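Values reported hereafter were calculated over all heavy atoms of this structure, with side chains retained and with hydrogens, waters and symmetry mates removed. Given the structure is predicted, the values throughout are model-derived calculations rather than measurements.
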Amino acid sequence: MSFTRAVIFETLRIATVVNGVLRKTTQDVEMKGFVIPKGWRIYVYTREINYDPFLYPEPLTFNPWRWLEKNLESHQHFMMFGGGGRLCPGKELGIVEIAAFLHHFVTRYRWEEVGGDKILKFPRVEAPNGLHIRVWDH
């Protein structure tokens, strides 16, 4: 199910669940000539990493094959499930649950969009009025 895993990662890349992380500096931090004082709270907007064309060529294009061509999951910029010491302990369980749902949905059912509502792709994927679908057993 490597392709299913790639579809899950690409979906999470485009429609990131978490925008970023809030952190508190434990010491003065210098970045590009600016000093962020100890004790300041900073918000790291991680969503933008997923749209960096250097990391993901044609970042607004849904392309799960990019995950099969390179092992992007092991790169330090892959933070769909956190990173380092803050990696989600339920990452693999979540992926298995999503994969099981997708497998049953795709193999047992057919579906179509109804209502023709607009889907926005930037700054994040969303359906402002919801995405309405009709589902039937086949």
How close do [X] and [Y] get, counting heavy atoms only, and between which atoms?
X	Y	value
H138	Y109	CD2-N, 3.5 Å
I8	I95	CD1-O, 3.7 Å
R66	P57	NH1-O, 2.9 Å
T4	A99	CG2-CB, 3.8 Å

[Y] and [X], any side-chain heavy atoms less than 4.5 Å apart:
X	Y	answer
D52	P59	no
T26	K38	no
T11	I98	no
N63	E10	yes
F105	V135	yes
R134	W111	no
D28	I36	no
F62	V7	yes

Single-linkage hydrophobic cluster [X]~[Y], side-chain heavy atoms < 4.5 angstrom:
X	Y	answer
W67	V106	no
W40	V44	yes
V21	M31	yes
F34	Y45	no
L93	M1	no

- [ ] First locate atom CG of L68, then atom CZ of F9, and finally report the distance between them rounded to the nearest 0.5 Å.
- [x] 11.0 Å
Open item on the list: If I take atom CZ from residue R110 and atom CG from residue D137, how far apart are they, to the nearest 0.5 angstrom?
Closed with: 10.0 Å
- [ ] Using a strict 4.0 Å threshold on nitrogen-to-oxygen distance, state whether E92 and R5 make a salt bridge.
- [x]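 A salt bridge is present here (some side-chain N lies under 4.0 Å from a carboxylate O).
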Open item on the list: Would L55 and I49 count as a side-chain contact (heavy atoms from CB on, under 4.5 Å) here? Give the steps.
Closed with: CA-CA 8 Å; L55 302 172; I49 295 168; 3.8 Å; yes
Open item on the list: Do R23 and Y43 form a cation-pi contact, if we require the NZ or CZ to be under 6.0 Å from the six-membered ring centre and within 45 degrees of the ring's axis?
Closed with: no
Task: W65/F3 aromatic ring centres below 6.0 Å - done: yes
Open item on the list: Tell me if the CD atom of E112 is crowded by more than 12 foreign heavy atoms within 6.0 Å.
Closed with: yes
Task: Any donor-acceptor N/O pair, Y56 side chain to R13 backbone, under 3.5 Å - done: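 Judged by distance alone, no pair lies under 3.5 Å.
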